[in-house]
Amino acid sequence: MLTVRELDCFYSDLQVLRGVSLDVGEGEVVALFGPNGHGKSTLLKAICGLQPPKRGSIRFKGEEIAGLPAHQIVERGLAYIPEERHLFSDMTVLENLYLGAYPRHARPVLKKNLEFVFHIFPRLAERRHQLCSTLSGGEARMVAIGRGLMSETSLLMVDEPSIGLSPGMKMAVFDAIRQIHCERGMTILIVEQEIQHALEMSDRIYLIKKGQIAFERRREEVQVDEIERAYF
Amino acid sequence: MFATKGLSKSFGRLTALLNVSFEVEEGEIFGIAGPNGAGKSTLFNVITGIYPPSSGRIFFRGKDITNYKPDQICHLGIARTFQIPTTFHTLSVYDNLRVGAIFGARRPQSADEVLELLGLEAVRHRPARNLDLYTTKLVMLGAALATDCKLLMLDEPMAGLSMAEINQFLEIVRRINQEKGVTIIIIEHLLDILISLTKRMLILSDGQVLYLGDSKEVTADRRVVEVYLGGKGGIAHAHR
Amino acid sequence: GGGTTEIKVGAPLPLTGPYASDGEQMLKALQMAVDEQNAKGGLLGRPLRLITGDVGALEAEKIKAVGERLIGEGVDVVITGYADSGVDARVFGEYDMPFLHADAMTLNTEVVAQDPEKYGNVFQYCPSEVSYGIDAAANLFKMGEKMGWKEPNKKIAIVKVDYSYNILAADKFAELAKDQGYEIVVDEVTQFGVVEWGPILSKIDNAQPAYVTFWNLDPTDAARFIVQFKERFGEKGLNALVFMQFTPSIPEFLELAGSAAEGLLWTASINPVGAGVEDYKQRWIAKYKEEPKSIYAYVTRDGFDIWVTAVEKAGCVDCYDKVVENIRNITYEGLAGVHVFTATDQQSKYGDDFIPTLWYQIWGGEHLVVGPSKYQKAQPQMPPWIK
Amino acid sequence: MENLVNALVSGLISGSLYATMALGLTIIYGVSRVFNFGHGVIAVIGAYITWYLLSVFGVPFLPATLLSLAFMASFGWLVYRFTMSPLLKKPNWEFSTVLFMLGAGILLENVVLQVFGPRVKSIPVLVDGALKVGFIQINWHEVALMGIVLVVIAALSLFFKYTRTGQAMRAVAQSIPGAQVVGINIEQIFGLTFALAFTVTGFSGILLGTKYYLNPHVGWEWMVKGFVIVTFGGLGSTSGAVVAALVLGLVEAVATLYFGAIWVWPIWFVLFLIVLLLRPQGILGGRT
Amino acid sequence: MKHVNWKFALAVLVLVFILLYPWLGASSYTKHLFILFFIWSIVAANWNLMMGYAGINSLGNIGFMAIGGYTAGILAKSLGVPPFLTIPIAGIVTSAVVTLALGLPALRLSGIYIALLTLIFADTLPSLLTQTREITGGAMGLHEIPPFYPGMDKTGAYYICFVFFLVVLFIIYRIVHSPTGMAFVALRDSENFAYCLGVNKFRERLKVFALSSLLTGAAGGMYVHALGDISPTTLGIEPFLLTIAMIELGGVGTFLGPILGAAVIVFGNEFLRLAGTLRLTLLGALICTIILFYPGGVIQLFHTIEHRVERLLNRKTPTT
Ligand SMILES: Nc1ncnc2c1ncn2[C@@H]1O[C@H](COP(=O)(O)OP(=O)(O)OP(=O)(O)O)[C@@H](O)[C@H]1O
Ligand SMILES: Nc1ncnc2c1ncn2[C@@H]1O[C@H](COP(=O)(O)OP(=O)(O)OP(=O)(O)O)[C@@H](O)[C@H]1O
Ligand SMILES: [Mg+2]
Ligand SMILES: [Mg+2]
C-alpha cells in the first residue's frame, strides 16, 4: 500500500533522512522505532506532505505522492496524527472533530465515526463544547487522535499517541487502534516510545537511527531489549 | 516547607480543583499523578501564580504566597517546567539558561553552573529551536534550575522519552535533589517510576485528592487502581 | 543676461494628496502660460522652463524640501496657486527672486508687513482671507432686504473648520457683526472630514438664528452640510439665510450637493471677471480638451503674467530688485480683476475696482451673481427653506 | 430630547456603516494574521468601480454593484496568488505581508488618483424619501443601508460558523499544519479568504460611497475607524464589532451634540481606556 | 573574524563620509535631506525598538514626536528657553505624558489593544491642538521656531543632528544587547515560561516604552529646531505610513534596518518628487517590489551582499 524508496529529507541545510526505504502492506500494522530526534516524525511528515522530501519516491496505492500538497495526499486516504497535535485551539472539541472529517469521502460516515471517538474517549463527549486551548494535556491528545480517526482513511499514521496519557487511557488508545485495524482492516503505521505496546500489536517493525533504517523485523523475530539496545 | 490549604479552582462551571491540601517537606521528592484532566497541571498553574485560585491558601517556607505573581514566586525560589516542552527557541541553549539566571536568580554565573551540571556544554551555542526532545527537556529544566530555586516543580518531564532517556533523566533529578538540596514536586503518569523516585505522593481525580501518602502503598489502594490505572490492564500494563 | 539660456520658473504645487485637484489646475495654467510665452519667442528672447515640485498635503517639511530643491536648481521666479501652511512666504522670502502666490492667507502676508526688508520679494496676487469676513459683515445683512425678507432676530450661527483661511475670516466676520449688534449663538469649530452634521444642525435648530454661516474649505464637508441641512429643514423650514465662504466655487460642491444647494448664498474674493476670461477659456479648451475646472485655472495665470510684465519692463530676469520693484508698482488688469499691491503687506487690493468679491446665489444648478451691483446679473431670492 | 434622539439615530447609522468597514479587516486578519493596511483603499476601489459603471456606462445600480464585486473578488484572489502566497511562505512573512499591503495601499491610492482624478465623486442613494416617526426622521436610504449591513453581518457569521469553507477558514487561521493534516487546501482557502475579504471590503466601500463622498484618499480614514471598531469589539468577534460600531457611532453623535465635534477623538480615547481597563479583551471579544 | 573587520571598515567609511560630506561639495538641499534622514531614522529606530524588539505594537510614535516637537517649540518660542534645554525637556515631557497617559494602562493589555490605544491617542492630538490654538497655533502650527543657535546655517544643523543620531543609536544598541533585550526575545518565544523564570514583562516593557518615547520626543525637539516649523500635518497619514514603511522596509527587529529604511524612504521620496503626480505611485511600487524580492527587508539585501563578499574574501585567502 505504501512504498517509500531512497528518501532524503532536509530542514534547510540539515539532512535528517538519508535514503530511507520502507514498505507498508495492505492491512498491516507496522511500528517505527528509534531514538528521539533521529527522524521518525520527519519520515511521517514527509509521507503526508507536511515536509516535502528533497529526493526519493513515495508511492501510495501505486501512485507517486512525493511532492504533492498535503491535502491531496489526505484526500487519497492517508491520515496522520501528529505528535505536536496541531489542534485548532480557539475552536471547540466538536468543531475540531468535525474538521477531522473534512475530506469528502469522510463526510457520509461522520456520525458513525464521531460515535466511535466518543466511545473510546467518553471524556471528549463530556467536553464537546470546551475550547481546545483550555484542555488538559491528555485531553488535547485525545482530541488529536479522535480528529485523526474521523478522517475515514485506509492508512493511518500515528506519531506517539500515548504521550501524556494516563495508564488507563493509554490502554484505551492502543485498544482502539487494534480495533480499527481488526474491524475495518485499516492499515497502520505507528511511531511509539512505549515499545512493548506497539510491538504487541504490530506485524512488522522498522528501526530508524540517524536518519537511516537500521533494521526491519517481523514481530516474532524481535525482542523489546533488542530494540532498546539498538537505541545506543 | 511548602503547603496548600483547601485549594480550589474553577473555570466557569467547571471545577478543576476542589479543596486540595497537601504538604511537602524540605528536601523531599514529592509525586503527583492522576487521570487526564484531573487537575494536576492546573494545580501547578495555581501554585506558580499563572491562575489565581478560586479559594484556598498556598504557603511557602511559612509565607502566604497566595495571589503572588509568577515572577514574584520565582524570586521566592519556586521554579517550574511545562507539560508541553517549552524553550525560547530563538535563543541559544546558553541564553535560555541565562534568562533564568539573570531574571530569576539575579546571578549570571548560575547559568554556567547549570550548564555543567546538566552536561549541556556541547550544545551551548546551538539555537534551542532544533534540539531533540530530550535535550529540549533538559534545557527547559536547566532554565528553571538556573533561577537558584529551592522548590522545583516538573510537569510530566518524562513523557515521550525512551527508556534509556528516562533513566538518565531520573539520575539527573536525583542529583539535583541530593547535591543541590532542591525540593522537587513531579507530575508523572509512569506510576512505577514515580513510586521508585518518591517517598510520598498525591493522586488527584476530578480535582480532588484521591490518595495522599506513602508511595509504596499506592498500588494497594483499590480506588486508585480503579480510577487511575483503569480496570483492563491493571498495574502490569501501567508501565512495563 | 541675454543669450538663449533657459529661464527656470519654479512652482511648488500640491500635486498629490487632498489638494491635488487644485494643484492639477495650477500646473495646467502654468504650463499653458509657459508654452504660450515660448511660442511668442520666450521672455526677452530666452525660452522658459517650468520646474515643479510636489508639496503633497502642504506639510511644512515638504515645502521646505521643495524650496531647497527649486533654489538649488537656480530658478528665477517662484509662482504657485497655493503651497501654504504658513511657511512658503518664509521659505522663499529668504531669497531675492520674486515669489508670487495666491494663498489668500494673512499668515503669509503678515510676515511681509513685519519685515518688508527681508520679505520684500513675496507677493500675494489675491486678497487675504479676512477680506471675506469684512465683506460678509458689510453685505450679508443687506441681502435679506433685497429679497424682501426681514430678519426675525439678530442671531448668527458660525460653523468653521480649524484652518486659518476659514478661522480668520469667520472671526473677523464675528467681530464686525457683533459691532453691528448681532449675537453669535452657535460657534462651532470642526476639523476637516465631518460626515455627520446632525448634532450641529440640532444646535442650529435649537438656537433658530437668522443667519447660518459656514466657513470650511473642503467641498465634501460643505456639500454634506448643505445636504443634511436640507434634509433637516427642507420641509419643516428654518427662517434663516445660509452663507458660505468660497467653497461652492469648487465644481465638486455642486455635483455633490445637487438641488440641496438651491438658494444658498456664497462669496468668492477671486473670480474670473477680467476682460480676457472668455478668450483664455477658449485657448484652454483648445489645449486641454476640457473646461477649466477651478478658479486656480485662471488666477494662477495672473501671477505669471504679473511677473512677465515686470520682467519685460525691467529688461532683465535676474535683476531681482528691479523686477520686484516693478511688481510692487504694477497695475495689472488680469483675469481676476485689477491687481494693485498694497504697500504694507504686498497683497492684491480688494474692492470693486480692484479684485472684487462677488456674491452668488445658487438657482437651477447655476451660480448667479447677485452682487455687488457692478457685476450683478440676477436678483437674490428667498431660499426654499424659508417658509 | 428631540435633538438627542435624532443624534442617536444618526449615530446608529454611522455606526452600522463603520461596522461594515470592520468586517473585511477582520476576515483577512482573522485568517492570515495580516494587518491589511490597504484595506481602506480597497474599499475605495470597489466604490470607484461601481461609480464608474453607474455614471460612465449607465449600468443600473444592482448589476453595477455585482460587477464590481466580481471584480473585487478576482482582484483579491490575484493579490493573494501573486503576492501574498509567495510572501507567506517566506520566513519573515509577519512583517513582509503587512508592509506589502501598506506599499500596495499607497500605490493603489495613487493609481486611483491617476485613473479617476482627484475630484470627489458620489454614488447615488438607493432609495429616496424619508421615514418619519413622530419627530424622528430617517432617510429610507439609511434604513436600507442599516438593513443591508445587518444582513451581511449575519450572513457572514453564519458562513463562518456553519459552512465547510467557513470552518476551514477559521481552522487555517488557528493552525496551518493542523489544517493540512485534516486535508484542507491551504492555498485555496487563503485565496478564497482574500477574495471574500476584498469583496466584502469593496461592498462596504460602495455602501459608504452612497452616504459619504468618495475621493482617492478617503480610504485611510475609513480604515482607521474600521480598525478601531474591530479591535474595540474584540478581534474576530463579529457581534463585538457590531456592538462596538454602534457604541462608537452613538458616542460620536452625543459628543458632538454636547461638547463639539472636535472632542470626539479625545472622548473615544477616554472611553477606550476605561473599557479596556475593565475588560482587557474588548467589549464582547474573548471567552472565559 | 574577517567579516567583522570588513563590515566594521564599511561602517567607519560611511560614517567618515557623512562626517566629511558638508566639505565634499554638499548642496544646501542635500544637507537638508541628510538632516531629515538623521531625525527620521531616530524616530524609526525608536519605533522599531518598541515594535520590533519589545513587541509593543505602538501606532502612536509620530504622536510622541509631535508632543516633543510642540513642547520644544513652545518653550523656545514663547518662553525663550535655549534649545540645549528644550530638547531634553521635550524628551522628558513626552516620556512622562506618554508613559503616564498611555504606557501604564496600555502595556497591561495585549498587543493589538496597545495598537488601538496608541493610534487613538495620536488621533486625539490634532483635536487638542485645535483646542489650544493660542499656544500651539491650531491647524496652522508653530512657525519660526528658533534654531539651535542664532544664525545657524545648514552645516551647523547637519552636525548637531548627526551627533544626536550617533548618540541615540549607541543608546539603542546598548539596550538591545542588554539583559532587557534578551528578556524581550524570551517573552516573544514563550511568555509564560519567561514569566515563571522571573521576567516581569510589564516592567521591562515600561522601561523601554519610557526610554523610547523620551528619545522620540527629543527627536521631535531636534526636528523643530532644525526645521523651524511643526504643524498637525506632521500627524497626518503620509508621515505615519512612511515611518512604518521605514521600519518594515529596512527589516523589523534588526538594528540597522530602520536606518536603512529611513535612508531609502527619505532619499527615495525626495528623488521621486521629480516624478510630480506619480511620486507616491512610484514610492508604493518601490516598497512592493523591494518586499517581493527581499521579504526580510533591505537588511536582507545586505546579508545577501555580505555572503557574496565573504565568499569572495574566503576564496582569495583559502586558509583558516
Ligand atoms: N523544523 C525543524 N527545523 C530544523 N530541524 C528540525 C526541525 N524539526 C526537527 N528537526 C531536527 O530533525 C531531527 C529529527 O527530528 P524528528 O522530529 O523527525 O525526530 P523523531 O525521531 O521523531 O524524534 P522524537 O521522538 O523526539 O519525536 C532532530 O534532530 C531535530 O532536531
Ligand atoms: N483555562 C481553562 N478553562 C477551562 N477549563 C480548563 C482550563 N484549564 C484547564 N481546564 C480543565 O480543567 C481540567 C484540569 O486540567 P489540567 O490541565 O489540570 O489536567 P491534568 O491533570 O494536568 O491532565 P493531563 O494529565 O491530561 O495533563 C481539565 O478537564 C481541563 O479541561
Ligand atoms: Mg517525533
Ligand atoms: Mg497536565
Side-chain angles (χ1 to χ4, degrees), chain B residues 41 44-45 47-51 68-92 94-108 110-111 114 127-129 136 139-149 151-153 155, chain E residues 1 3-4 48-56 104-105 107-111 173-209 211 251-257 295-297 299-300 303:
Chain B
S41 303
F44 270 26
N45 286 338
I47 292 173
T48 52
I50 292 189
Y51 299 139
Y68 274 41
K69 294 273 169 291
D71 60 316
Q72 295 171 310
I73 288 182
C74 170
H75 291 140
L76 287 173
I78 301 180
R80 69 169 290 185
T81 64
F82 290 82
Q83 182 170 1
I84 295 173
T86 313
T87 54
F88 306 120
H89 54 256
T90 50
L91 291 178
S92 69
Y94 182 58
D95 279 347
N96 267 269
L97 307 192
R98 285 219 306 157
V99 173
I102 292 173
F103 289 93
R106 303 196 172 107
R107 198 171 62 86
S110 110
V114 171
R129 182 196 298 277
T136 303
V139 172
M140 174 163 65
L141 174 70
L145 214 51
T147 63
D148 278 352
C149 55
L151 174 65
L152 180 62
M153 311 195 349
D155 194 348
Chain E
M1 277 287 63
H3 71 120
V4 175
N48 180 50
L49 180 64
M50 278 193 190
M51 214 155 57
Y53 285 104
I56 306 168
L104 283 176
L107 292 180
R108 297 189 183 278
L109 304 172
S110 69
Y173 186 86
R174 289 302 297 266
I175 304 265
V176 168
H177 293 89
S178 72
T180 300
M182 190 170 75
F184 290 132
V185 183
L187 283 167
R188 196 162 53 205
D189 287 351
S190 171
E191 195 169 317
N192 267 347
F193 192 30
Y195 206 2
C196 288
L197 292 176
V199 180
N200 185 327
K201 177 177 171 184
F202 180 70
R203 187 183 314 144
E204 299 301 322
R205 282 186 159 191
L206 199 62
K207 267 196 248 171
V208 165
F209 193 84
L211 180 88
V252 182
T254 60
F255 177 70
L256 277 181
I299 196 95
Q300 193 194 343
H303 289 318

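Worth knowing before you read on, the calculation uses all heavy atoms, side chains too, and leaves out hydrogens, waters and symmetry mates. Each chain gets a letter, A, B and so on, in the order the sequences are listed, and its residues count up from 1. Since the structure is predicted, the reported quantities are computational estimates derived from the model, not experimental observations.
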CG-CZ distance between B:N96 and E:F193, expressed to the nearest 0.5 angstrom: 7.0 Å

Toward chain E, the part of B:H75 with a non-hydrogen atom under 4.5 Å: side chain

Atom group of B:I102 that falls short of 4.5 Å from chain E, counting heavy atoms: side chain

E:R203, CZ: over 12 other non-hydrogen atoms inside 6.0 angstrom: no

Validation row: E:C196, B:F82 side chains within 4.5 angstrom (heavy atoms): yes

CD1 (B:I84) with more than 12 external heavy atoms under 6.0 Å: no

Most chain E-contacting option - heavy-atom pairs closer than 4.5 Å, from B:I50, B:T87, B:T90, B:D95: B:T90

Euclidean distance, E:L197 CG relative to B:R98 CZ, rounded to 0.5 Å: 14.0 Å

Crowding at OH, E:Y173 (>12 non-hydrogen neighbours, <6.0 Å): no

Exercise: identify the closest heavy-atom pair between B:D71 and E:V199: CB-O, 4.1 Å

Largest heavy-atom contact set with chain B, pairs under 4.5 Å, which of E:S190, E:A194, E:A183, E:A186: E:A186

Which atoms of B:T86 approach chain E - backbone, side chain, both or neither, heavy atom under 4.5 Å: both

Choice from B:K69, B:H89, B:R80 maximising heavy atom contacts with chain E below 4.5 Å: B:H89

Side chains of B:F88 and E:M182 in contact at under 4.5 Å (non-hydrogen atoms): no

